[in-house]
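A quick write-up on the structure given underneath.
Predicted model, so just to flag it, every value in this text is computed and none were measured.
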Amino acid sequence: MEKRLHWLESFEARGSDGQTYKVRGYEHLARDESIPDGMERWEPTGTAEYRLADGGRVDARGDGSLRLPSGVVLERMREAQKLA
C-alpha cells in the first residue's frame, strides 16, 4: 500500500528544558486504488504524527501531551507566550 504524509499544522512549543521548538503535525494518507484515475486517490488513514522542524520525532501521548525521545515534555505556546 502506497502512503504519504499530509501537513496539517505547525506550532511553537516550550520544552520542559526551557527551549522553544517548532512542531509540525501530519496525517497519514493511503492511496485508494478503487477510485478512478483523474480523481484524488489519497484517503486519510486516521493516523497522525508530530515531528520537529528538523525532522526529529515527537511522541504524542494518549493524554494529549507531546514528548521528545530525550524525555523533554512539550507544551503548545499560545500567542501571548510568544510575545513575552
Report all side-chain donor-acceptor pairs from residues 64-73 shorter than 3.5 Å, counting only partners two or more places apart or in another chain.
unit_1: Ser65; atom_1: OG; unit_2: Asp63; atom_2: OD1; d: 2.7

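Residues that satisfy the side chain to side chain donor-acceptor pair (under 3.5 Å) test with Thr47, not counting sequence neighbours, are absent from this structure.
With rounding to the nearest 0.5 Å, the separation of CD in Gln19 from CZ in Arg14 is 10.0 Å. Rounding to the nearest 0.5 Å gives a distance of 11.5 Å between NZ of Lys22 and CG of Leu52. Leu5 contributes atom CG, which lies 5.0 Å from atom NE2 of His28 (distance to the nearest 0.5 angstrom). The distance from atom CG of Leu74 to atom CG of Asp17, rounded to the nearest 0.5 Å, is 8.0 Å.
Shown here for Tyr26 and Leu8, the closest heavy-atom pair between the two residues is C-CD1, 4.0 Å. The heavy-atom pair separating Glu27 from Pro44 by the smallest distance is OE1-CB, 3.6 Å. Contact detail for Tyr50 and Gly25: the closest heavy-atom pair is CD2-CA, 3.6 Å. When all heavy atoms of Arg24 and Ala53 are compared, the closest pair comes out as NH1-O, 3.8 Å.
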Item to check | Verdict with reasoning, Trp42 to Arg4, per side-chain contact (heavy atoms from CB on, under 4.5 Å) | outcome: CA-CA 9 Å; Trp42 295 95; Arg4 72 176 175 183; 2.8 Å; yes
Checklist entry - Given the rule in the side-chain contact (heavy atoms from CB on, under 4.5 Å) test, do Arg51 and Arg57 qualify, once you have shown the distances and angles that lead to the verdict? => result CA-CA 5 Å; Arg51 295 203 171 264; Arg57 196 178 85 218; 4.1 Å; yes
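Here Arg41 does not pair with Glu2 in a salt bridge; the nearest charged N to carboxylate O distance is not below 4.0 Å.
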